[in-house]
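Down below is the structure, laid out as structure tokens.
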Amino acid sequence: MAMAIRSLFIFLFILSLTVPSFSLHEDQVGLMDWHQKYIGKVKHAVFQTQKTGRKRVLVSTEENVIASLDLRHGEIFWRHFLGANDAIDGIDIAMTKYAITLSSGGSILRAWNLPDGQMVWESFLQGPIDSKSFLFVSTSSKVDKDNTILVFVKGSLHAVSSIHGEIVWKIDFPSESFEVQEVIQHHDGNTIYVVGFVGSSQFDVYQINAKNGELLKHDSAAIDGGFSGEVSLVSRAKLVVLDAARSTLLTISFQSGEISFQKTYISDLVEDFSGIAVILPSKLTGLFAVKTNTATAFISVSSEGRLEVVDKIKHATVISNALSISEDQQAFALVRHGNNDIHLNVKQVHEWNSDLLKERIKLGQQRGLVQKVFINNYVRTDKSHGFRALIVMEDHSLLLLQQGEVVWSREDGLASIIGVTTSELPVEKEGVSVAKVEQNLFEWLKGHMLKVKGTLMLASAEDVAAIQGMRLKNSEKSKMIRDHNGFRKLLIVLTKSRKLFALHTGDGRIVWSLLLNSLRQTEACENPTGINVYQWQVPHHHAMDENPSVLVVGRCRTGTDAPGIFSYVDTYTGKELKSFGLNHSVAQVIPLPLTDSTEQQLHLLIDANGQAHLYPRAPEAVAIFQNEFSNIYWYSVEADKGVIKGHGLKSNCDGEVADNYCFGTRETWSIVFPSESEKIISTVTRKSNEVVHTQAKVIADQDVMYKYISKNLLFVATVSPKASGDIGSATPGESQLVVYVVDTVTGRILHRMTHHGSQGPVHAVFSENWIVYHYFNLRAHRYEMTVIEIYDQSRADNKDVLKLVLGKHNLTSPISSYSRPEVTTKSQSYYFTHSVKAITVTSTAKGITSKHLLIGTIGDQVLAMDKRFFDPRRSVNPTQSEKEEGILPLTDSLPIIPQSYVTHSHKVEGLRGIVTVPAKLESNTLVFTYGVDLFFTRLAPSRTYDSLTEDFSYALLLITIVALVVAIFVTWVLSEKKDLKEEEEEEEEEASVNSKYSFWVGHTRLTEVESEHLSNETSPPEVCKIYLLLGMKMTGTVTVICLIFLESLSHSSPSQGHSREHLCTVSLSKVISSITLFPLSSIIENSLTATKKAPKKLDIAQLSSRREHRLSISLRFLHRNRLLPRPYTSTMKTHHPKLKTQPRPLFFCGFFRQCTETTLSPTTPNPPALPISSTTPTPAPPPQTAAAPTPAPPPQQLPNQPHQKSTQAESSSSSSSTTTSQSFTQWRFPLSNSPLHQPRPEPEPNQDSAFRPPLAPPMHPNDLQELLRLAELQLTNGSETEQLSALYLLERSLVPDPPSDPVCSPELMRGVVANLKNKAGVKPATKVLLALCLAEANRHVAVEAGAVGTVVEVAMELDGAPAERALAALELTCTVAEGAAELRNHALAVPVMVTMMGKMAGRGKEYAISALAVIYGSGGVGSDGEQTLHAPPEEVARAVALALQGDCTARGRRKGAQLLKALQEYGRVDSTQEGNEQP
């Protein structure tokens, strides 16, 4: 059985070791979250394709990102987000190893290391005026040559070193309105020409020395009619511009210091021209492009300045800058659209009719038109030129075209999300075959083979990658069906590019994308923009034939007065169901909590004129709307005017044409903030779909507070006008932050609070009845977060629990926003470390799970903080009831726990918003964070209390259950076989015992004195002398002790009429029936050395190791020989088949509870008198006779023990006694006075009525010494279990009635002291030590055994009674000089006693004070006369005075007062101690 259980545990252990191979750490990446990196719409691109190093393209985007992309795969090598206010004006490459960026309006110039993106240097450029910035990097093929970087910014031209970033020289132009258009470098490299305009009517040319910035020449000329500002440089000395009317082209020549103009009308070049023209930006030598209303014309410029049309293209066309392919050849790319294809042509500048490259690439309609193109060339294997084109599409996507194919594409439109909503996935339909969903059989088998290899840890790196990809592909989270937990959803996002994306929450993949045709640029809608996306139709899950849809609202141009656009999109298919333009503007969109029969949600649109329009425009919607007509209110905020207004509905609109879906509005209230003192900077309201689980909040004192729950509350934050700028724009005295809580139905201000010396920006979140907002404290120079909680005071007296349970609470008083609410608020402010970009709160399906705040930090990470940190009822020392409620202790700042970052190590660059979506599983919420990057994860604010974790191993659970069932069956079979085998062995051994066991029952001659005591007057219970012969066999840690010899002798008077055999049988029955077994194997092993060395003459040494089994065989043998009565034998037979009691080693001498006789030991000099009964007097011991010394040595003489002569008891048989004395040791123990069995004497008849059990009689000195000797052997040589048994034996013997003078040996004392460090034995050890130290002689022994130092070292780890007893023993040991000296010399004595004095109470404190009195009683001088104090007396005095104020005994207070006086006399303590001395 034991082997089977051991095999089971080994199997489970090996199985647990194989668990990590089931799921590798790499496989867990992206299981619960995903992170996607983007860069945004590309503005500039520069290729870096040197022969050495990776080929890359350097880009800058409209999201203020500079990035280096791999040309092969489009992956990001490195990137930097410069910030929302740090727009990039230009980029270039210097010295072929530095990326140069100009940003912040030209004021910041940076250099980045091209391979790794590390910033090399940064320069700040200043100037007298604000102007357009311009960047020019001189070209040089030498890597080590310092290329000069020219930057025009704020009316000045700066020359900056490309190596160090230092400004070499600077020129301030005299005209304040001068703006540089082009910088031209002369072919010698020493002269540069700066060309620009002053205003719109003067053209200036500056000639400057490139080395020192010296102004060489300045020419200017006036332009008749002005110019539009668009310039195209066609040569080193010519440029073409449009006039102010955009109908005439001006060719400007500025060669040799002469400026000339030449006008050409566009109508002369392009037929049917009307309207205005636009010069496309390009830098082509001798060629430029003009876009008209009918076509794009390419015009060449001759050396004389004559313009000639080369070609006209009617389709949308985009051209690139010129690319030098040789010293005298330039090429450019021309991209035009045709149906669903784009045509890419690469032409030479001077040879228009020949194409270097002509390709046709097929693209889908969902990318729109090409907006920009950048080309790069490479050399093919045949030495010809190849070209690659990087194009930017209308949806902001980035594509690389090469050899007629799309090499890679990036959906960087997702970097500019402006609206987010969610949609459920379709329900799994029945009847779908597995073959349509799963892979084919071959791939299925291949996948399982890979899993087996991974389980056996035999998978290679390629196999691990394949397993990871297969798991991510076939994972449950990526399925396109709805799950029962609500984790799988569609994120519908609207981007700035007017494109709609559906992202799967499982892995973030794009399910579908749609470039909205209704929001594309047309003649009627010149500059369409998207506003937001809303849920339009959400059918129930049982409506299998209907798909959910979303509503996209946009405008034709920026501004609230622009006409609106509606578009309905199916969220399952991504198709645009319907779109149309509105005949009114869209200033505000209000989703209503109303739906029609088709599950379409009603929306109310407010136009710029204040009129309300209802959608969908259907009679049913109007009918539903009319039912709630009087309950619809909304508000509007005009931050620039400092006005907040409330609005309501009135009758239909007044107009020429009746419109049943248009309603007039009325102003119900308004709040005007004084412009000279307050400016609105932030407004926040609750989510309309937020679920509140309960309105009642039970606080610590079992009282109930009711939350003020209203969806009509608005949080408003205002600052002083001077503090409306950036942080530090105003002094603390000039700035203040004022927050309001306003009811939007009545306009009533429910709460107002002012933060002096604070300013914005303010980020806030409003949930349930609390608001948390973030701002900057100028006085403390730190960020702060404040929480406000609002409670309904009007319901404070109505706390009928029964009504609350039945749902009838407070129904008698109608709830109305017009009834003046009685609210109370609680608020608290905390310091916060980080600046904040966004704040939101988690939301769950039922609102049961605790709330967490999700804070988007300045480091573009999301931090989750428990709402308990923002509890306004936090206090410095919360009460016990408040701690049980979960209130945290108050701190001045909020803790930032690294593990609380939701984004882990990821950064969401340019973080702009955080969206939380409840899952169906109450414990979980879905979090979507967007900015330049996207991040999605799933949170469980209160842990997953309602589900198992996703990585729970069901396979391991099944395997464990099967293994346990198999193990139970196997062990049952083995147990049955073993029981059968044991029964057979038992029968064989019983037969062997019948033949080999020998019991000698004889008679022993007694001395005359003994015979007198056993005369006829003696009571019937006679004396039985029982010899226990010990046979030892060691099997592992099990000691086998067998009874092999019993000798009984009985004497009775003839009048009794009983034979001696009968009386001995009765006595022997009592002996065996009361046997007690003890674990004293080590004592037996040490005391039977001669037995081990002697040859084994008895066959019992071969018996089984099961002690109870052997005893049962002996007892049955005795029964068959009529030595045991019937009842005892039947009892043993009943328990024989299954011995389930805890195995215990047998005591070698027999310990009998009820037997009135004792055993004889040849090593006992004076055996005690054997009591005949409990009532008769004990007979006197027999006289000692001279006898030969016994084979066994006498016990060791203990200290203060009088010397005793050893005698040998007589033996009744010479041969057997001699053999026995040489092979076994016999010990005598006083059974009647055993500490483990003290029979309670019967009360005397004349005793008082109140029964009081008498104490146990004191032990005989010889018995006590025998007990101490036994305990000494166990404590010195026994195992840990045996030592504990010895300690408990001493405890039961000494503690109830401590003897007056117990003599303890040094070995015993060392054993007791050593067990003070044993956690299991410290409790009995302290009791025994205290009982022994009551005798003065033992205190010296205890000091020598190291009791003082041990108690000092272990006292700090003790509590309660053990600590009190240890300190009491320490006080006793200090009564002797050696103990006091050792305590004073111990380095830890003072700090330990001071700590215990403060820690203990009552007597424990008294004993600690006594120990300190011993230390300081000698004035801090040790036994050697040297100063030994370890702590200043004044500190000890303060600790004593503080301890005396607590719970302490009268004796302890007296000792404490004496100690304070002793310290005072020592001269180091202030004598004024109040209230410490007591009589």
Side-chain angles (χ1 to χ4, degrees), residues 23 27-36 420-428 471-472 475-493 502-509 535 538 541 548 687 689-694 765 767-768 838-856 861-869 886 897 899-904 906 908 913-930 934-954:
S23 66
D27 298 340
Q28 298 176 356
V29 176
L31 290 181
M32 294 182 62
D33 53 44
W34 45 265
H35 180 223
Q36 297 177 357
V420 181
T421 189
T422 59
S423 175
E424 295 290 345
L425 286 168
V427 180
E428 186 176 9
R471 286 179 177 174
L472 292 176
S475 176
E476 290 287 333
K477 67 174 187 177
S478 61
K479 290 185 177 180
M480 284 299 298
I481 56 175
R482 194 178 307 180
D483 63 320
H484 64 280
N485 291 328
F487 296 157
R488 293 196 293 265
K489 296 179 183 291
L490 288 179
L491 292 171
I492 312 299
V493 298
L503 306 177
H504 198 291
T505 57
D507 52 6
R509 72 180 186 275
Q535 288 187 351
V538 184
H541 61 87
K687 292 182 179 179
N689 58 349
E690 184 182 22
V691 179
V692 180
H693 175 61
T694 178
V765 60
S767 177
E768 293 188 354
I839 303 179
T840 190
V841 65
T842 57
S843 58
T844 54
K846 303 297 182 182
I848 301 174
T849 307
S850 61
K851 302 285 186 180
H852 275 206
L853 267 73
L854 303 178
I855 304 173
Q861 290 185 302
V862 179
L863 177 68
M865 297 195 68
D866 197 331
K867 171 58 176 60
R868 295 189 302 162
F869 288 112
I897 305 174
Q899 291 80 7
S900 298
Y901 280 100
V902 175
T903 51
H904 311 299
H906 300 297
V908 184
I914 306 172
V915 178
T916 60
V917 181
K920 290 183 180 179
L921 200 63
E922 171 59 27
S923 63
N924 284 262
T925 181
L926 309 179
V927 180
F928 177 63
T929 307
Y930 62 91
L934 305 182
F935 180 82
F936 177 86
T937 188
R938 189 171 75 240
L939 293 183
S942 299
R943 304 294 180 90
T944 53
Y945 57 85
D946 51 359
S947 65
L948 295 174
T949 58
E950 193 171 88
D951 56 351
F952 183 80
S953 179
Y954 294 94

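Just so it is clear, the model here is predicted, and its values are computed rather than measured.
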Quiz prompt | Steps toward side chain to side chain contact (heavy atoms under 4.5 Å, CB included) verdict (Lys920, Asn485) | solution = CA-CA 5 Å; Lys920 290 183 180 179; Asn485 291 328; 5.6 Å; no
Quiz prompt | CZ on Arg482 to CG on Leu490, rounded to 0.5 Å | solution = 10.0 Å
Quiz prompt | Spatial distance of atom CG (Asp946) from atom OG (Ser923) [nearest 0.5 Å] | solution = 3.5 Å
Quiz item: In a check of side chain to side chain contact (heavy atoms under 4.5 Å, CB included) between Thr903 and each of Asp33, Val862, Val927, which one passes?
Solution: Val862
Quiz item: Partners of Thr844 by side-chain hydrogen bond (donor to acceptor under 3.5 Å, both in side chains), sequence neighbours excluded?
Solution: Glu922
Quiz item: What pairs with Asp866 under salt bridge (Lys or Arg N to Asp or Glu O under 4.0 Å), at least two apart in sequence or on another chain?
Solution: Arg868
Quiz item: To the nearest 0.5 Å, what is the distance between OG1 (Thr505) and CZ (Arg488)?
Solution: 8.5 Å
Quiz item: In chain order, what residues pass the side-chain hydrogen bond (donor to acceptor under 3.5 Å, both in side chains) check against Ser843, with sequence neighbours excluded?
Solution: Thr916
Practice problem: I would like to know whether Leu491 and Phe936 meet side chain to side chain contact (heavy atoms under 4.5 Å, CB included); could you show each step before the answer? | Solution: CA-CA 10 Å; Leu491 292 171; Phe936 177 86; 4.1 Å; yes
Quiz item: What do you reckon, is NZ of Lys846 surrounded by more than 12 foreign heavy atoms closer than 6.0 Å?
Solution: no
Quiz prompt | Leu425 vs His504 side-chain heavy atoms within contact, under 4.5 Å | solution = yes
Practice problem: Going by the side chain to side chain contact (heavy atoms under 4.5 Å, CB included) test, name the single residue among Thr925, Leu853, Asn924 that passes it with Pro941. | Solution: Thr925
Quiz item: Under 4.5 Å between any side-chain heavy atoms of Phe928 and Val493, yes or no?
Solution: yes
Exercise. Could you grab the distance from atom OG1 of Thr421 to atom CD of Gln535, nearest 0.5 Å is fine?
Key: 4.0 Å
Exercise. Any chance you could lay out the side chain to side chain contact (heavy atoms under 4.5 Å, CB included) test for Met865 and Ile855, step after step, and finish with the verdict?
Key: CA-CA 8 Å; Met865 297 195 68; Ile855 304 173; 4.0 Å; yes
Quiz item: Are any side-chain N or O atoms of Gln36 and backbone N or O atoms of Gly508, one a donor and one an acceptor, separated by less than 3.5 Å?
Solution: yes
Quiz item: How long is the gap from CG on Leu503 to CG on Leu934, to the nearest 0.5 Å?
Solution: 6.5 Å
Practice problem: Tell me, please, which residues at least two apart from Asn689 pass side-chain hydrogen bond (donor to acceptor under 3.5 Å, both in side chains). | Solution: none
Quiz prompt | Residue pair Val915 / Tyr930: nearest heavy atoms and the distance that separates them | solution = CG2-CE2, 3.9 Å
Exercise. Enter the distance from Tyr945:OH to Ile848:CD1 here, rounded to the nearest 0.5 Å.
Key: 5.5 Å
Quiz item: So which of Val902, Val917, Leu921, Leu926 actually passes side chain to side chain contact (heavy atoms under 4.5 Å, CB included) with Arg938?
Solution: Leu926
Exercise. Work out which heavy atom in Lys851 is nearest to a heavy atom in Val691; give both atom names and the distance.
Key: NZ-O, 4.4 Å
Quiz item: Listed by chain and number, what are the side-chain hydrogen bond (donor to acceptor under 3.5 Å, both in side chains) partners of Ser850, not counting sequence neighbours?
Solution: Ser942
Quiz item: Taking C-beta and beyond as the side chain, do Pro548 and Glu424 meet within less than 4.5 Å on heavy atoms?
Solution: no
Quiz item: How would you list, by chain and number, every residue that makes a salt bridge (Lys or Arg N to Asp or Glu O under 4.0 Å) with Glu768, sequence neighbours excluded?
Solution: Lys707
Quiz item: Taking the inter-plane angle between the rings of Phe935 and His904 on a 0 to 90° scale, is it parallel (under 30°), tilted (30 to 60°) or perpendicular (over 60°)?
Solution: perpendicular
Practice problem: Begin from the C-alpha positions of Thr840 and Lys687 and carry the test side chain to side chain contact (heavy atoms under 4.5 Å, CB included) through to its verdict. | Solution: CA-CA 10 Å; Thr840 190; Lys687 292 182 179 179; 4.1 Å; yes
